[in-house]
Every structure is written in structure tokens, then in C-alpha cells.
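What follows is one structure encoded as C-alpha cells, with my remarks underneath.
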Number of protein chains: 2
Amino acid sequence: MVTMKDVASRAGVAQSTVSYVLTGSRRISERTRLAVEEAIAELGYHPSVSARTLRSARTQVLALALPRGGDGYRPTDGRFAIEVCDAARAHGYDVLMLTEREGVPGLRRMAGGGQADGAILMAVAVDDPRVAVLRELGLPFALLGTERAPGGRGADGAEDFSGAAPFADLDWAAAVELALTAAAGAGHTGLAYLPCAAEEVAGRKGYAVRGLAGAGAAAERLAGSTRVRLLEPPAPDALYEELLALLGDPRRPTALAVQHVVGVPTVLAAAEACGLRVPEDLCVLPIGMLPGDTAGRPLPRIELPVTEMTTAVTELVVAAIAAHGAGEDPGAVGHRLIRPALLDAQLLHAG
Amino acid sequence: MVTMKDVASRAGVAQSTVSYVLTGSRRISERTRLAVEEAIAELGYHPSVSARTLRSARTQVLALALPRGGDGYRPTDGRFAIEVCDAARAHGYDVLMLTEREGVPGLRRMAGGGQADGAILMAVAVDDPRVAVLRELGLPFALLGTERAPGGRGADGAEDFSGAAPFADLDWAAAVELALTAAAGAGHTGLAYLPCAAEEVAGRKGYAVRGLAGAGAAAERLAGSTRVRLLEPPAPDALYEELLALLGDPRRPTALAVQHVVGVPTVLAAAEACGLRVPEDLCVLPIGMLPGDTAGRPLPRIELPVTEMTTAVTELVVAAIAAHGAGEDPGAVGHRLIRPALLDAQLLHAG
DNA sequence: CTGTTAGCGCTTTCAG
DNA sequence: CTGAAAGCGCTAACAG
């Protein structure tokens, strides 16, 4: 292994000078700098990450707590992981994956061992216990999703998140509300909302809970003009049968907002089985689909703003790390609630 | 931060004794061991990963080179990442993600800085340039997919992979061959094969190239009894139109083997648009779908053996790291080519 | 069975 | 503007 010492002797300078050239924490003469840089290039020198970390107590690594693999896998999780990775590199951080299988002990291991400067938590649930652990460990962090139960909205339509842990998320309540009101506005008089899977609702995942809240708000707001059927959070095996019952009924809805995005193919299959054409006979409106996931045909939709979310959450942890380093409160870096956008809205048109 | 020194003084032993208790590299009396363990628990001590790494030159980290995010994202990539992570933990390794956006420089950075003991490469292409780089860097590695162009098969039906870099992969050629011959065996007389996306074929991704090879072999083998149409690798925008042309024709195939799995929803949409029912009028047979990804209805299929692949590739890197440590050839740990399995074969039945 | 000690490669203070 | 030297927390060789 080639070390700083090798570079130093080759460049004819002191070892510390090489360090200063690399870190830039001291003014160095042009001449010396060039000599050092040349030696580095010639020897193919790379700084030892562990030595640097041991000395400086900074790892330039973020821990990413992923939902566990296996049955509960959602395609979105992997996409988030990859884009978090890109965003982190843009700030000079690498990303170490932590499977939820390891849970809280994994986070302790990471923080205690000093393997990461900060953490990002995915698939956050309301009152997520991991948040308390991270606070206790003193590890700066930010969430993809929020741990707060949905509260009321103020006059400006914004929820109060003061005191909440730093997070980035789509405004799921607003997204579902937008989907339903837009469908109503397009002339649909029979609306239905398919929430996230029963398991996600039971696990109190933020997106699932807030989506339901938004649907409730929309139903109330539209009451009188439009009936909104709020379906039960479906169990995986029962989904198809329930959809057949819903869509086979003559009083079926003409628009179906689907937050349960892995169920969209099932929705399309059930519609086909009932002899309904999409979009002519039934308007299917997915909420939270991955960009690029077309379900095979153009649909009006609200996409998951993956890049915005991962960019934002990364900025938040980085800010929290900086605050922590400066002796300030790493929890006070704020949050980012992303406004939903309805795409291909012209496809909403009621038959 | 609580260090070994703190633990040692609390337990009334030498600092090295604490180290020996932790590493188990020396016999320790029961009495001493208990005292040390108690002190560790009381103080909440965690060993410093960077110090340990600096000293021992072992990181217990694997680098995972992911295909880059953005347009080319495939849902499979994220799933692999998560399951690799699980498999690695089972061997005591953490996983550091490397986006392909960084490419070869990323690998150099990782190897040079001593941030990982080994690497796993995803989405490997034939003659993948990263393989040469890894060999040059002396970093043990294993591939998900193989960098070899498909060769002929011996009498036992096995390809010769001697000299190939360590890899784990589904036997894609056998998978496509199995799909087509099984469909023919079920009575279909008009078969078609939809290969991977044009971009993947052009990028010479192993699965894409070997799938094509298998289709060619099957077509040859079935010639005389059954006609197999080998479709062109589709460009994303053209897929739907091409399928309409294929399925709208009265001489359309009755079974369609689809290796382009992200296109399955499009296939189903096109079939519906042509008034074809699946599976009654058209048998759709996906090859390489993620387990659990149902496309909304039961289909005969060959799934991607994600868990087998990730388990195997992890065992291979771990073996390569051990070989490297023992001064042996880390490239000589072999490979694992997984035999395809046809699921729900009864759904193949020709109308 | 346990203790003492020499570094691993780096950052940073102290001294020119 | 540059050099010398201390020491981060750990492992493992050496010495009882």
C-alpha cells in the first residue's frame, strides 16, 4: 500500500505537507503543491479512509435504513436506495445499507462503531421507535416520510410540523385529496379510493395513514355533490375478489383513485374481467407510482417524486450533520413536504 | 466516546485483554471474561470500526456496484441490492453502495481507500471493462451475471466457464429455451419471443445476450414442428405499436415468451386492445419476473431467483476474499449457474 | 493465563 | 510558508 510517507519522500517534502495539500487546510506554495500532486499521480496514491476517519472522527458515510427484503418488498424501496446514493455522492458521502431485518440493533451498531456520520430512515411509521433511538444515540438523521400522525391544517392549508424530526415526503394527504377532487371536477360522480395494503395501514406507515386522512377530508369536502367510497385497506389475497365485487356492480364507480400502487395491475385485470375498458368505462388514477412505471398504458396519475424526495432528505441529513458538528440542534433543520402534481390530467375526462 | 481503555480500567485489566476478549484470539479465564463483558455492557462500549480497520486492514464491508439511477432503472436492481445486503450481513459484512454513475473511478476510490474487502458487480455486460479493473486493483469480487459471451454447450448441456470471473446467474439461455419448448410441448404451434429492451441488448448485458442465444437454440431445435418468431429487441416507445401489429395479425402467435419483463403490462394492454383474452386467446409467459410480481393475474412464468443469486454471489465474494487473504487466486472460486424453473406450468395449456 | 508495547496512516498542534 | 511530533483506538507480536 502506498502511503503519505511514500508520497512525501518522493516529493521531497514532509509527510504533513502532503496532508495539507490534500485537505487544503493550509496555504501551500504552488511549487510544493505541484510536486506533491505529481508524486501522488505517479505513485497512484489513495488516502486511507480508515486512518482519516480514525483521526478526524468523520466517516463521510450515511447509513440508510431500508425496509427488509422478503415478502414485504416494494419496488419503490430499491429505487429510493439508488437515488439516495446518487444524492449522497453529490455531497461527498457514501451510503451504507442497513436492512430493517437488523432493526434498532443495526442502528446502534452503526452509531456506536462510528461507521456513519448520519442516517436516513425509510418507510417511516407514525411514532416510529427508531426516531427515539437515533435521538438517544446522538446520530444526526432525516426521514423519508414523517413520524407524526396527520394533524389538522391551518388557514394556509399547511400542517404544523414544529418539533417533528427532519423529514422529506410527498404530501400524501394533499395528493389523495387532489386526485379525488380533480376526478370530481372532471365530471365523475361515482368515486372510489383504494388505500394502501392492510399491512401498511396496520404498520402505521406515514404514507398509508396520511393518504387515508386525505381521502376522508376529500369525502367530506365533496359530500353533497359526489359520493366517495372509501374502500378497506386490502389484504393481498383478497384484493382481486374485492375489486370484482366493486366493479361488477352496476352502481360501480367511474373513477378509482389507487394509492395501493402495487395493486394497479390487479385493478386493470379486474376491470378487464368485468368487461370494462380503461379509461373509457373506468378511470384508474394511481397515486404514488414510480416515474417511468406506466402500467402498460397512459393513465392520469400522481407520481412519487423520488428525486425531489431523495435530494431533499440528503440535504437535510447533511445539514443536521453540520449542525451537530457546530454544537447546534441537528433536529432543527426543518423538513420538506412536497406538493403533489397531477400528470396527464386530460385523461381524467369522464366517459 | 467510550474506548477499550475505559473498559479495561473499569474491569481492572489491561487494554489488550479487552481486545482479546472481543476478538477471541486468545484463551481468557472465565472470571476475566465476565468482568470485561460486564464493563462493556455497563459502559455501552462499541468497538471503533475505523481503528479496527486501520489496524487489521479488514473492513468487513462489501462494495456493491449498482446500475445507475434515472431512466435506465429496473425494479429488479433495487431488489437485488436489498437481498445482497441481507446475505452479506449473514456473513458479517456490511454493504456500501456504489452507483454506476461513478463507474470505474468509483471502484478505484473504494479499493484505493481500502473501504471494502470485496466487490459485487450488478448488471454485468459481456466483456465488462470493470472486470479488468477489479483484477488490476487486486480487489476480490464476484458478479451478478457473467461477462462471458455465450458459448456452445457440451454433451452434458453445460457451458464451459473455466477462466471466467466468479459469478452467479440464472441460466438465461436455458430459461428461454425451457419457456419456448414447454410452450410448444403444451400444444402451441405459433410461438414468439420478446427479448430484452434494445438498450440492454446494445449494452451487451449478459442476461439479454444469453436470452437471445437460448431463443435461437430453441428455434432451431423446434424447427419443423413449430415456428418461433424472434422479435426485435424493442425500443421503449415502439413496443406498444409493435405488439399491436404482432397481435392484431390473424396469423398471430398463441404464446408469447417475454424476457422484457418491464414490458409485460404493455403486452397485456396490447392484447386487451386487440380483443384477446389472456390466457384463453394468448398465453403470456414472462421470463425473469421478480417473485411476487404478479402482473395482476396468474401467469405461467420463470421467476428471477433473486435469493438464490444473491446468496450465491455473496458466498463467492466471501470465498474470494478468503482466498485473497490466504495468498491464493481469488478468481478461482468457481461460479453458480442456476437452473430455471417453470412455475404454474398448467397455465400454459393451449386454447 | 495476562500485561506491555509497537505501530496501522492520517490530521493537527506546536515550533520554526 | 514548511517540518516535527503527538496521538486517534485498536490488534498482535513479544514478554513474562
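Residue numbers begin at 1 in each chain, while the letters A, B, ... track the order of the sequences. Since this is a predicted model, take the numbers as computed values, not measurements.
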Next on the checklist: Considering every strand and a 4.0 Å limit on heavy-atom distances, what is the contact class for A:Thr32: base, sugar-phosphate, or nothing?
Outcome noted: sugar-phosphate

Next on the checklist: Can you tell whether the side chains of A:Arg130 and A:Glu147 come within less than 4.0 Å, N to carboxylate O?
Outcome noted: no

Checklist entry - Could you give the start and end, 5' to 3', of the contact zone on DNA chain C for chain A, using atoms under 4.0 Å from its heavy atoms? => result C:dG9 to C:dC14

Checklist entry - Side-chain contact, heavy-atom cut-off 4.5 Å: B:Tyr45 with B:Leu22? => result yes

Checklist entry - Does B:Asp94 use its side chain to pair, donor to acceptor, with the backbone of B:Val61 at less than 3.5 Å? => result no

Item to check | Derivation of the side-chain contact (heavy atoms from CB on, under 4.5 Å) call for B:Val84 and B:Leu144 | outcome: CA-CA 10 Å; B:Val84 160; B:Leu144 271 171; 4.3 Å; yes

Checklist entry - Distance-only, no hydrogens or angles: does the A:Asp86 side chain make a donor-acceptor pair with backbone N or O of A:Glu83 under 3.5 Å? => result no

Next on the checklist: For a quick check, with a 4.0 angstrom heavy-atom cut-off, what is the B/S/- contact string for nucleotides 7-12 of chain D, read 5' to 3'?
Outcome noted: BBBBBB

Checklist entry - What's the verdict on side-chain hydrogen bond (donor to acceptor under 3.5 Å, both in side chains) for B:Asp169 and B:Thr146, showing C-alpha distance, side-chain angles and the deciding distance? => result CA-CA 7 Å; B:Asp169 204 358; B:Thr146 172; over 6 Å; no

Checklist entry - Considering all heavy atoms of both residues, which atom of A:Leu54 and which atom of B:Ala51 are nearest to each other, and what is their separation? => result CD1-CB, 3.7 Å

Item to check | Check against side-chain contact (heavy atoms from CB on, under 4.5 Å), A:Leu96 and A:Thr59 | outcome: CA-CA 11 Å; A:Leu96 200 56; A:Thr59 60; over 6 Å; no

